[in-house]
Amino acid sequence: MTDLTPTSPPASVDFIRAAVLEDIRSGRFGGRVHTRFPPEPNGYLHIGHAKAMAVDFGIAAEFGGKCNLRFDDTNPVKEEQEYVDAIMEDIRWLGYQWDGEPRYASDYFDQLYEWAVKLIKKGKAYVCDLTPEQMREYRGTLTQPGKDSPYRNRSVAENLDLFERMRRGEFAEGSRTLRAKIDMASGNINLRDPVMYRILHVEHHRTGNKWCIYPMYDFAHGQCDSIEGITHSLCSLEYEDHRPLYEWFLKELEIYAPRQIEFARLNLSYTVLSKRKLLQLVKEGHVRGWDDPRLPTLRGLRRRGYTPEAIRDFCARIGVAKNNTTIELALLEHCLREDLNRRAPRVMGVLRPLKVVIENYPEGQVEEMQAINNPEDPSAGTRLVPFSRELYIEQDDFRENPPPKYYRLAPGREVRLRYAYFIKCVGVVKDAAGNVIGLRCTYDPATRGGDAPDGRKVKSTIHWVSAAHALPAEVRLYDRLFTVPHPDDVDDGQDFKAYLNPHSLEVLTGSVVEPGLRNAQPGQSFQFERLGYFCVDPDSAGGKLVFNRSVPLKDSWAKIEKAQRGE
RNA sequence: UGGGGAUUCGUCUAGUGGUAGGACAGCAGACUCUGGAUCUGUAUGCCGUGGUUCGAAUCCACGAUCCCCAGCCA
């Protein structure tokens, strides 16, 4: 046969994968690929961590390698078991699997201590008695070199003795540190005799009271990677400056060295992704907790109705590079819609009900209309939806004075009720204040199922719920948490919270949904036709249904209307 | 004359000396029992200035802008 099929161009790889490929080809690590995901258990995971996981776990999987989970628990002041558990739960939910048992930097405290002693013996580390304030003064500034600590030239014997006594708890917290002896004049401040160990009379969530001195992250991370045989130590940009320090430790310790490669963290528009700010939003009550559906935390996204598939797809699409970037929230939303469009069962729900009485429909009659569960998935089948004389439709689907291009119901107009009949509006019911509180309509019995035998067309199809069969529901509508795309970019003296969106949550208590949803379970997602994707909130209990709007459907009428209002 | 990074459509991202491509967002159409989905079409970009070259986003030089670092946090 003619073999004119063009060979598909080599899928482009990002700079990290290119480096890994190069190392595999050169045999630098014997062809191995072993990464690690190293969270600090001092907070909950968010979408930014999802990107890191996509890189760490993703690359390992693609190259037939392994990825460890290692908790960087070197600071007992901030870390807790609760976070360890929550982090593991979130990783599993996202669909990633770490190699073997979870690891902890604290597993290696004994080894790290021995290595510290080794550096002391080599004359490469010393115990320093400078106070934190003094140490800052001695460190110099960004443009001026630091100066040597007066304790820098203590004898090896004295350092050994002092360090041992630090370990035994003879000294007060903060009174001494163990420092690497490198170069107080280095342009890289990380090399100006960095602290390796500090005294902390604090109980550790895993090692209890065994230690009262704890290694700094910088003295732990590279060695942990070394111990675990990590080949590619993938981390964020701010550690680029630390790489020379890690390499110094590894070289002086004469142990295996992984290759560290740095990439840019994720930023997302209209939200914040710093642990500090997230913590502030939760602590100060701007949101309802770590799993508030407005938060970019994995727990928040999960409760909002985001699927692991959508999040992983998002991570794949944004790529990996070294630029500082902010991804548009619209891309994340697109990924969710794309996933749910394929999988979510369709259902009819009316958010803001408007009562409709069909005058010529027999009182007491109920018909079961056949509805398609998912047009994207024929195997999802059909269901029966009850229809009767009194219905609810969406308030937004009726206008007494319809603007141009408005295709829905209006006095005298005919529309189709999805999967049911054509109806025509013949009357408007108002309250004393003149508000529309109901409609009088007539239906055409010949249009049952939604098609007119005479071939006449109708401009639009609207959703509905039979009043007598309607299930009451609470619906929570979410909008972006902040009003500006870059809440981090605040003017001096301004607080990022000044940009919190006061309308990020709107609770609708009078919504109704079709009766088939009676046994919907928390976490299940549905498409409310014409409106968006909604998932059942865990607050649903004892027959009370609560839905979260995960993301609205694209709404081209909303665009037209917005344009009509003059942008 | 501190050190380290970065700069390609609005937003991300490919491109590694040979026609700047993709995605999302935008706009315009088609189709439609979801104004959904889908499908078409379309506009917008190489930080700047020089240089090398037949040819530069890509190589060189100079400059500009942005990000990170002065925790006994990670």
Side-chain angles (χ1 to χ4, degrees), chain A residues 9 11-14 18 38-40 42 72-75 77-79 128 130-132 135-137 139-146 173-179 185-192 194-200 213-214 216-218 220-221 235-244 262 264 269 275 317-335 337-338 341-342 346 348 371-372 375-376 405-408 416-420 422 447 449-451 458-463 485 527-532 552-560:
Chain A
S12 66
V13 295
D14 57 73
E40 183 191 11
N42 72 339
D72 267 326
D73 55 352
T74 55
N75 184 1
V77 176
K78 298 200 296 192
E79 296 148 6
C128 182
L130 252 27
T131 65
M135 201 179 286
R136 198 181 318 126
E137 286 164 22
R139 186 155 35 227
T141 69
L142 292 178
T143 54
Q144 293 167 328
E173 198 162 295
S175 61
R176 287 177 221 261
T177 57
L178 180 71
R179 296 226 260 164
S186 173
N188 182 346
I189 289 178
N190 295 301
L191 264 19
R192 315 240 264 231
V195 172
M196 294 162 57
Y197 268 91
R198 74 286 217 192
I199 300 170
L200 250 28
I213 56 171
Y214 291 93
M216 296 290 290
Y217 172 88
D218 279 347
H221 197 85
C235 62
S236 47
L237 253 27
E238 65 265 35
Y239 293 106
E240 215 148 14
D241 280 351
H242 297 240
R243 188 171 2 117
E262 308 85 6
S269 64
K275 278 185 188 174
R317 288 178 188 241
I318 60 178
V320 193
K322 298 189 75 153
N323 306 340
N324 279 119
T325 58
T326 301
I327 311 289
E328 289 178 341
L329 188 58
L331 180 60
L332 216 211
E333 295 184 332
H334 168 82
C335 293
R337 285 195 196 97
E338 191 171 80
N341 175 50
R342 212 166 44 226
R346 316 283 125 129
M348 289 194 284
I372 294 166
E376 304 293 322
K405 300 269 193 67
Y406 184 87
Y407 300 151
R408 285 110 94 151
R416 170 167 40 232
L417 292 178
R418 175 137 238 224
Y419 301 124
F422 284 12
T447 58
D451 287 306
V458 100
K459 287 282 263 254
S460 82
T461 300
I462 65 175
H463 59 277
Q527 184 196 100
F528 285 10
E529 294 221 29
R530 304 206 305 132
L531 299 176
L553 243 26
K554 284 196 217 160
D555 187 348
S556 47
W557 162 246
K559 262 183 205 170
I560 295 169

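First the proteins, then the strands, lettered A, B, ... as listed; each starts at 1. All values derive from a computational prediction rather than experimental measurement.
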Taking the side chain as every heavy atom from C-beta outward, state whether A/Arg530 and A/Phe528 have any atom pair closer than 4.5 Å.
-> no
Check: A/Asn75 main-chain N/O paired with A/Glu79 side-chain donor or acceptor under 3.5 Å = yes
How far, in whole Å, is B/rA56 from B/rC46 if one measures between their C1' atoms?
-> 11 Å
Nearest of B/rC24, B/rC69, B/rC72 to any side-chain atom of A/Val195?
-> B/rC72
Under a 4.5 Å cut-off applied to non-hydrogen side-chain atoms, are A/Pro38 and A/His221 in contact?
-> yes
Taking only nitrogen or oxygen atoms into account, show me every contact under 3.5 Å that the protein makes with nucleotides 27-32 of chain B, one pair per line with its distance.
residue	atom	partner	partner atom	Å
B/rC27	OP2	A/Lys559	NZ	3.4

Between B/rA74, B/rC69, B/rA25, spot the one nearest the side chain of A/Ile189, thanks.
-> B/rC69
Which value, in whole Å, describes the distance between the P atoms of nucleotides B/rU11 and B/rG48?
-> 15 Å
Short question: side chain of A/Arg337, backbone of A/Pro552 - any donor-acceptor pair under 3.5 Å?
-> yes
Are OP1 or OP2 of B/rG71 and a side-chain N or O of A/Arg139 less than 4.0 angstrom apart?
-> yes
To the side chain of A/Pro132, which of B/rG2, B/rC72, B/rA37 is closest?
-> B/rC72
What is the glycosidic conformation of B/rG71: syn, defined as within 90° of 0, or anti?
-> syn
Polar atom pairs (N or O), protein with nucleotides 10-12 of chain B, under 3.5 Å:
residue	atom	partner	partner atom	Å
B/rG10	N2	A/Glu328	OE1	2.9
B/rU11	O4'	A/Glu328	OE2	3.0
B/rU11	O3'	A/Thr326	O	3.2
B/rU11	O2'	A/Thr326	O	3.0
B/rC12	OP1	A/Thr326	N	3.0
B/rC12	O5'	A/Thr326	O	3.4
B/rC12	O2'	A/Ile318	O	3.2

Are any side-chain N or O atoms of A/Ser269 and backbone N or O atoms of A/Leu329, one a donor and one an acceptor, separated by less than 3.5 Å?
-> yes
Check whether any side-chain N or O of A/Thr177 sits under 3.5 Å from a backbone N or O of A/Val195 as a donor-acceptor pair, and report yes or no.
-> no
Polar side-chain atom of A/Arg192 near backbone of A/Ser186 as donor-acceptor pair, under 3.5 Å | yes
Presence of A/Ser556 side-chain N/O under 4.0 Å of B/rG36 phosphate oxygens OP1/OP2 | yes
Is the shortest side-chain N/O distance from A/His334 to OP1 or OP2 of B/rC24 below 4.0 Å?
-> yes
Distance test, side-chain N/O of A/Arg346 to OP1/OP2 of B/rU34, below 4.0 Å = no
Between A/Asn190 (CG) and B/rC69 (C1'), how many Å, whole number?
-> 6 Å
Within the structure, does a side-chain N or O atom of A/Arg408 lie under 4.0 Å from either OP1 or OP2 of B/rU34?
-> no
Can you tell me if the side-chain N/O atoms of A/Lys554 get under 4.0 Å from OP1 or OP2 in B/rA37?
-> yes
The side chain of A/Lys322 lies closest to which of these nucleotides: B/rA6, B/rA74, B/rG36?
-> B/rA6
Can you find a donor-acceptor pair, distance only, under 3.5 Å between A/Asn188 side chain and B/rG4 base?
-> no
Nearest of B/rG5, B/rG71, B/rC73 to any side-chain atom of A/Arg136?
-> B/rG71
Watson-Crick or G-U pairs under 3.5 Å in RNA chain B, rendered as dot-bracket with [ ] for crossing pairs and | for another strand = .((((((..((((....[..)))).(((((.......)))))....(((((..]....))))))))))).....
P-based separation of B/rU42 from B/rG21 [nearest Å] = 12 Å
Nearest of B/rC69, B/rU34, B/rC72 to any side-chain atom of A/Met135?
-> B/rC72
Nearest to the side chain of A/Thr143, which nucleotide is it out of B/rG2, B/rA74, B/rA25?
-> B/rG2
Would you indicate which nucleotide in B/rG5, B/rA74, B/rG35 comes nearest to any side-chain atom of A/Glu79?
-> B/rA74
Pick the C1' atom in B/rU49 and in B/rU44, then give their distance to the nearest Å.
-> 24 Å
Mark yes or no for whether A/Asn188, through its side chain, and A/Asp241, through its backbone, hold a donor-acceptor pair below 3.5 Å.
-> yes
Indicate whether OP1 or OP2 belonging to B/rC73 is found under 4.0 Å from a side-chain N or O atom of A/Arg198.
-> yes
